[in-house]
There are 2 protein chains.
Amino acid sequence: MTGTTPPKIVSPADNLSFECAQESCGFRGDECICRPMHNHFDKAQLRAARTLELNEGDQLAPEDFPEPVVFAVLTGVIAVESHLSDGRRSLLTLRLPGEYLDMNRADRHASGEVVALAPTSVKLLPRTVFEELLLLDANLRRIYWRRATDIMHQQFDHSSDLGKKTPTERMASFIFELRNRLNIPRFVEEFALPISRQSIADYLGLRAETVSRVFKGLEKEGLIKLVSKHQLAIIDFKGLRKIANGSRPRLSNHR
Amino acid sequence: MTGTTPPKIVSPADNLSFECAQESCGFRGDECICRPMHNHFDKAQLRAARTLELNEGDQLAPEDFPEPVVFAVLTGVIAVESHLSDGRRSLLTLRLPGEYLDMNRADRHASGEVVALAPTSVKLLPRTVFEELLLLDANLRRIYWRRATDIMHQQFDHSSDLGKKTPTERMASFIFELRNRLNIPRFVEEFALPISRQSIADYLGLRAETVSRVFKGLEKEGLIKLVSKHQLAIIDFKGLRKIANGSRPRLSNHR
DNA sequence: CGGAAACTTGAATTCCGTCAAGCGAGGTGG
DNA sequence: CCACCTCGCTTGACGGAATTCAAGTTTCCG
């Protein structure tokens with residue numbers, strides 16, 4: 001745990017606070033697992049679900065989840081972080097509110113630590129409970145198997161960004177990715193950037209300076225507007241979309 | 001289908017060729033699903049599993065699998081391929097013999113086509129059958145859920161490669177990735193590169209020329225030896241491993 | 001108000017991508 | 001069998017774009 005304060009563990013009250021009323025599981029709508037949990041499990045198991053409040057920069061140490069867990073993000077942002085031997089940092093994947101992260105091997109620091117990129121609250125659910133629940137409920141199973149492949153495709157897209165896109169293209173791509181995953185309504189063009197420039201850079205394989213410059217460049221072209229440092233408005237959706245799809249190669253000619 | 005010849009569909013014989021004898025499902029050892037298939041399903045379902053023979057460059061069109069399928073690679077290599085609007089090619093993920101690829105949304109060309117990078121034979125299994133099998137067999141379920149997260153971690157590692165590693169580091173990393181996934185025994189230092197330079201480049205986010213140069217460079221340093229164009233020997237495991245973990249940054253000073 | 005951290009801006013450097021040419025193995029047909 | 005072609009790979013030279021390094025500037029806290 002590296003943050004300034006240890007994460008505050010909020011245990012559910014005994015009266016089954018895990019019940020669905022406030023969507024306390026972290027999942028919304030069809031994906032909510034509170035009701036099926038309530039139907040299938042006893043109090044002890046329900047109580048196994050904890051809430052963690054994290055500050056920006058807090059890392060989740062293996063001690064925080066000795067058994068494999070599923071994280072469900074309520075608010076904020078978490079990421080899987082890895083460091084090369086000389087200190088270079090990468091953010092391998094992000095999870096925004098309403099999304100979940102399955103880290104069944106975090107204890108073995110297989111390929112990264114879980115870290116909060118902003119003030120965040122997450123639900124922790126023992127993986128065994130999550131799996132058992134999926135076995136019991138065919139509908140949930142369908143929904144979560146579908147989500148698992150969505151996550152994989154998201155990861156594919158990210159690889160495509162990192163592999164063959166220019167910094168400008170990556171940033172454009174990232175802006176749309178954020179917008180979609182934050183569920184910003186179609187007609188709203190302004191939204192908040194929930195993470196720092198440095199984190200954006202580490203997620204996109206760039207330097208913070210480059211992120212800054214690209215933002216500035218996109219703004220100068222009238223594609224976006226930086227309302228404030230962490231408030232972004234998309235001005236020209238079409239133009240930005242084009243760039244995101246690869247209309248800004250390094251040099252016009254290639255193969 | 002873009003290859004020279006259409007893929008040859010090899011239907012299993014009626015006498016349940018899907019039975020486990022030859023590990024005909026494509027999965028080995030514990031992962032073999034032939035026996036549980038045989039126990040749980042009737043002939044019609046077993047027959048739903050097809051084998052496809054692909055030439056290098058063959059793409060699997062949606063017509064080839066109208067329903068979601070799971071590919072199991074018997075021999076060769078397949079990849080998920082995507083193209084940016086101006087033609088840049090990326091290989092988002094690779095699958096080597098004994099591995100499987102779950103493309104339940106290929107019909108929607110969500111994020112790429114499946115393509116063979118070498119002469120390949122794959123088993124196709126309807127996803128519904130695969131899922132049903134996992135529901136019926138707790139042991140298999142455990143094995144495959146574990147594999148799914150392994151695949152995700154593999155993708156994470158790959159993102160780390162693409163995001164913050166130099167070309168030399170990526171190549172070193174890739175050499176080990178291949179070696180591991182091909183199950184090359186610990187004491188064997190020589191093995192075959194199953195894909196072309198161009199494919200390596202597209203997988204690692206580099207140019208074919210760079211791949212060539214890095215190979216040459218690593219060879220000059222005595223870390224590897226290119227026995228032939230597609231036969232590689234690792235000379236200095238330790239040194240190469242160090243590079244893979246990030247000991248060769250762009251410039252010594254950073255941050 | 002003060003200090004630190006995050007972000008921006010500027011200038012220099014370098015490394016990889018680009019372009020172009022050369023090489024070599026494999027296949028084909030005469 | 002050899003000339004020829006093709007395609008994948010290698011090698012070289014060069015330039016530009018992103019990183020690096022360094023110095024501001026702003027923002028956000030306490």
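The shown structure was predicted, so the numbers you read here are calculated from the model rather than taken from an experiment.
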| Using a distance-only test with no angle check, is there a side-chain donor-acceptor pair under 3.5 angstrom linking A:S82 and A:R89? | no

| field | Atom-pair distance (CG on B:L206; P on D:dT10), nearest Å | value | 14 Å

| query | Could one point to a donor on the side chain of B:R250 or the base of D:dT20 with an acceptor on the other under 3.5 Å away? | reply | no

| query | Is there side-chain contact between B:R95 and B:F71, with at least one heavy-atom pair below 4.5 Å? | reply | no

| Side-chain N or O of B:R207 closer than 4.0 Å to phosphate OP1/OP2 of C:dC16 | no

| query | Roughly, in whole Å, what's the span from CZ in B:R213 to C1' in C:dT18? | reply | 10 Å

| said: If the cut-off is 4.0 Å, is A:K216 near the phosphate of C:dT8, judged by side-chain N/O to OP1 or OP2? | reply: no

| field | Between C:dG17 (P) and B:D202 (CG): distance, integer Å | value | 11 Å

| query | Quick one: what's the B/S/- string for nucleotides 24-30 of chain D, heavy-atom cutoff under 4.0 Å, read 5' to 3'? | reply | ---S---

| task | Ignoring backbone atoms, test whether A:S212 places a side-chain nitrogen or oxygen under 4.0 Å from the OP1 or OP2 oxygen of C:dC7. | result | no

| field | Salt-bridge present (B:E221, B:R248; N to O < 4.0 Å) | value | yes

| query | Does A:D236 use its side chain to pair, donor to acceptor, with the backbone of A:G239 at less than 3.5 Å? | reply | yes

| note | When rounded to whole Å, the NZ to P distance for the pair A:K164 and D:dA18 reads 16 Å

| cation_pi(A:R241, A:F176) dist<6.0 Å, angle<=45 | yes

| task | Indicate yes or no for a side-chain donor-acceptor contact from B:H230 to the backbone of B:S196 under 3.5 Å, with no hydrogens or angles considered. | result | no

| said: Check this one for me: any side-chain N or O of B:T210 less than 4.0 Å away from OP1 or OP2 of C:dG17? | reply: yes

